[in-house]
Amino acid sequence: MKQQTAVVMAGFLAVMAAGHDVQAKSLEDILKEKGVITEAEYKEASKANPFDYKLGKGFVLTSPDQKFQLQIGGQIQAQYEFDDYDLASKQDVSQFNLRRVKTLLSGYAFTKDLTYKATYNWANVVKENSKAMEEVNMKYRVADELQIMLGQEKIQYSRQWITSNTAQQFVDGSFVRNAFMQGYDTGINLHGDLWSGVVKYDAGLFGGAGQNTKNKTNDNAYNFRVAVNPLGDMKYGEGDLEYSAKPLVSVGSSYYLNTVKKTVSGTGTSATSAIDNNNSNFVTDTNGWLGKAVKGKYFGTAAAEDISIDSWEADFACKWLGASMQGEYFWGKAVGEISDKELIARGGYLQAGYFVIPKRLELAVRYAWMDPNRNISNDSISEIQGAVNYFLYGNNLKIQGDVGNRHTYKDKTDDLMARAQVQLLF
């Protein structure tokens with residue numbers, strides 16, 4: 001009996017082992033053994049692993065039929081900030097921040113032409129939970145010349161805003177960019193690359209209310225952008241980390257049209273105005289060119305009204321052999337549809353950098369300027385900054401530091417600001 005049992009068990013294990021061997025063989029292995037495909041074809045077919053890791057993109061999961069893929073990555077920016085203000089009414093700052101802590105999901109579904117992205121910023125949960133969900137969208141590629149985005153993404157306005165914060169020369173974007181950028185919004189955007197990236201375009205229709213919210217007016221927002229790269233495709237990224245062997249040049253321009261609603265709370269001298277809108281910095285933040293004017297009661301507090309907005313910018317960038325330069329000019333106009341008040345704001349920046357040690361150590365300098373209201377004299381703001389960047393593994397692991405002086409002409413103050421940051425992208 002024991003002998004029979006041993007034979008049965010041995011047979012069972014043999015069958016299991018044989019079955020395991022069969023299951024372990026991939027379709028490529030079987031086709032190669034039968035001589036259906038060549039060695040070169042086998043190597044090419046075996047490239048797509050069900051589980052992989054790509055530096056900067058995260059862990060990659062691919063279905064056996066290669067119809068689905070999920071990339072799971074993350075980003076951490078740990079920052080120290082020191083601000084020394086001239087005005088006694090402003091409290092000096094010395095603090096550590098988790099500037100950005102993000103979970104990054106992306107991939108494709110059913111076909112490689114249908115891609116998706118979902119970005120969640122945990123740092124914003126504490127600050128303002130409604131802004132934690134950032135880019136969440138689907139994109140379908142008809143051709144390189146025509147791609148369709150549906151969902152929430154960055155409004156394609158301003159070169160520095162479009163550029164990922166992980167690929168910037170300074171710890172953060174210029175203050176003038178923060179004042180004019182359109183933030184995130186939900187809608188549809190048509191975009192594409194013409195002539196292998198020589199021309200890039202965007203044409204978008206958005207809700208107009210900003211990130212993760214709905215518009216309180218009956219109007220939508222429109223956004224258009226075109227960029228020309230005469231010497232060949234130039235990716236969005238500051239500095240010449242790649243140490244470009246040939247010169248690259250890009251010239252672009254963006255336009256944005258929207259209508260927002262001004263609300264009034266309180267009466268008499270205690271009345272205050274605000275914009276019923278969620279655009280990052282652009283409207284509600286006191287550093288935004290329109291938010292600053294509304295908070296300063298330039299549009300008055302007598303009645304609620306819609307405010308129409310036209311905003312335009314022009315930009316350029318160039319890089320070659322570790323050297324880089326880029327700049328932008330911004331112009332914005334807002335008109336109250338009842339008060340007929342008109343506001344025109346302007347600003348710009350110019351920055352340049354050079355890798356003193358190729359792909360490792362970069363020095364950069366930036367000058368920025370802003371006139372938040374052309375109708376008011378002597379209210380301009382300017383800033384000059386210097387930066388040092390050390391790259392351990394490209395943008396995936398780098399140490400950044402910058403220091404600058406911001407001059408306010410109205411108050412005749414000079415504020416010293418210094419920041420240091422370590423970035424991990426995985």
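Below, each value reflects all heavy atoms present in this structure, side chains not excepted, and no hydrogens, waters or symmetry copies.
To the nearest 0.5 Å, atoms CD (Gln75) and CD (Gln77) are separated by 4.5 Å. The structure places CZ of Phe206 at 9.0 Å from CD1 of Ile188, a figure rounded to the nearest 0.5 Å. Here CG of Asn189 is found 10.0 Å from CD of Gln147. Values are rounded to the nearest 0.5 Å. Rounded to the nearest 0.5 angstrom, Glu313 CD and Ser158 OG are separated by 5.5 Å. Atom OH in Tyr184 sits 12.0 Å away from atom CE in Met133 (nearest 0.5 Å). Between the NZ atom in Lys102 and the CG atom in Asn124 there is a gap of 8.0 Å [rounded to 0.5 Å].
A salt bridge does not link Lys341 with Glu305: every distance from a Lys NZ or Arg NE/NH1/NH2 to an Asp or Glu carboxylate oxygen is 4.0 Å or more. Between Glu337 and Lys261 there is no salt bridge, since no side-chain N of the basic residue sits under 4.0 Å from a carboxylate O of the acidic one. Between Arg406 and Asp415 no salt bridge is recorded (no basic side-chain N to carboxylate O distance below 4.0 Å). Here Lys410 does not pair with Asp379 in a salt bridge; the nearest charged N to carboxylate O distance is not below 4.0 Å. A salt bridge does not link Glu135 to Lys154: none of the charged side-chain nitrogens sits closer than 4.0 Å to a carboxylate oxygen.
Counting heavy-atom neighbours within 6.0 Å of Trp320 CH2, excluding the residue itself, gives a total of 12 or less. The number of heavy atoms from other shown groups lying within 6.0 Å of CZ (Phe110) does not exceed 12. Other residues, nucleotides and ligands contribute at most 12 non-hydrogen atoms within 6.0 Å of the CZ atom of Phe59.
Relative orientation of the Phe330 and Phe180 rings is parallel, given thresholds of 30° and 60° on the angle between their planes. Ring geometry, Tyr80 versus Phe96: the interplanar angle falls from 30° to 60°, so the pair is classed tilted.
Evaluation of the salt bridge (charged side-chain N to carboxylate O under 4.0 Å, His left out) test over residues 238-249, restricted to residues two or more places apart or in two chains, returns none. Sorted pairs that involve residues 220-251 and meet ring-ring contact (aromatic ring centres under 6.0 Å, His included), not counting sequence neighbours, are lacking altogether. Sorted by first and then second residue, the ring-ring contact (aromatic ring centres under 6.0 Å, His included) pairs involving residues 355-389 (not counting sequence neighbours) are Phe355-Phe391. The list of ring-ring contact (aromatic ring centres under 6.0 Å, His included) pairs with a residue in residues 393-426, not counting sequence neighbours, reads His407-Tyr409.
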>> I'd like to know whether Gln351 forms a side chain to side chain donor-acceptor pair (under 3.5 Å) with Gln169, so could you lay out the CA-CA distance, the side-chain angles of the two residues, the decisive distance to 0.1 Å, and finally the verdict.
In response: CA-CA 9 Å; Gln351 69 185 55; Gln169 286 179 307; 2.8 Å; yes
> Please walk me through it: do Arg177 and Asp172 pass side-chain contact (heavy atoms from CB on, under 4.5 Å)?
Replying inline: CA-CA 10 Å; Arg177 181 216 70 172; Asp172 217 332; 3.9 Å; yes
> Does the pair Gln182 and Ser311 meet the rule for a side-chain contact (heavy atoms from CB on, under 4.5 Å), with working shown?
Replying inline: CA-CA 9 Å; Gln182 312 304 331; Ser311 190; 3.8 Å; yes
>> salt bridge (Lys or Arg N to Asp or Glu O under 4.0 Å) for Arg346 and Asp371? Distances and angles first, verdict last.
In response: CA-CA 5 Å; Arg346 300 170 296 176; Asp371 179 5; 3.1 Å; yes
>> Run Met149 and Lys117 through side-chain contact (heavy atoms from CB on, under 4.5 Å) and show every step you take.
In response: CA-CA 11 Å; Met149 187 288 306; Lys117 177 187 287 189; over 6 Å; no
>> Applying side-chain contact (heavy atoms from CB on, under 4.5 Å) to Leu343 and Trp289, what does each step give before you reach the verdict?
In response: CA-CA 9 Å; Leu343 165 70; Trp289 65 274; 3.7 Å; yes
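Looking only at distances, a side-chain donor or acceptor of Arg360 sits under 3.5 Å from a matching main-chain atom of Leu392. For the pair Asn137 (side chain) and Gln152 (backbone), a donor-acceptor distance under 3.5 Å is present. In this structure, Lys200 contributes its side chain and Asp233 its backbone to no donor-acceptor pair below 3.5 Å.
You'll find the side chain of Asn97 reaches within 4.5 Å of the side chain of Gln95, heavy atoms only. In this structure, the side chains of Val260 and Leu290 come closer than 4.5 Å at one or more pairs of heavy atoms. With a 4.5 Å cut-off on side-chain heavy atoms, Leu361 and Tyr390 count as touching. Inter-residue side-chain proximity for Tyr108 and Thr62 is flagged as met; some heavy-atom pair is nearer than 4.5 Å. The side-chain heavy atoms of Tyr201 and Leu146, taken from C-beta on, include a pair separated by under 4.5 Å. For the pair Tyr116/Leu70, a side-chain contact is recorded, criterion being any heavy-atom separation below 4.5 Å from C-beta on. Looking at heavy atoms from C-beta onward, Met325 lies in side-chain contact with Phe316 at the 4.5 angstrom threshold. Put simply, the side chain of Tyr349 reaches to within 4.5 Å of the side chain of Gln326, judged on heavy atoms.
Across all their heavy atoms, Cys318 and Val249 have their closest contact at CB-CG2, 4.2 Å. Annotation for Asp402 and Ala387: closest pair CB-CB, 3.9 Å, computed over non-hydrogen atoms. Heavy atoms only, all atoms of each residue included: Val60 and Gln69 are closest at CG1-CD, 3.5 Å. When all heavy atoms of Gly239 and Ser324 are compared, the pair lying nearest together is CA-OG, 3.4 Å. The two residues Arg225 and Ser254 make their nearest non-hydrogen contact at NH1-OG, 2.7 Å. Annotation for Asn405 and Leu416: closest pair OD1-N, 4.4 Å, computed over non-hydrogen atoms.
The side-chain hydrogen bond (donor to acceptor under 3.5 Å, both in side chains) test with Glu134 singles out one residue from Asn212, Thr119, Asn121, and that residue is Asn121.
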Side-chain donor-acceptor distances from residues 84-93 under 3.5 Å, at least two apart:
unit_1: Tyr85; atom_1: OH; unit_2: Asp83; atom_2: OD2; d: 3.4
unit_1: Asp86; atom_1: OD2; unit_2: Asp414; atom_2: N; d: 2.9
unit_1: Asp92; atom_1: OD1; unit_2: Tyr85; atom_2: N; d: 2.9

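Under the side-chain hydrogen bond (donor to acceptor under 3.5 Å, both in side chains) criterion, Ser250 pairs with Arg159, Asn229, sequence neighbours left out.
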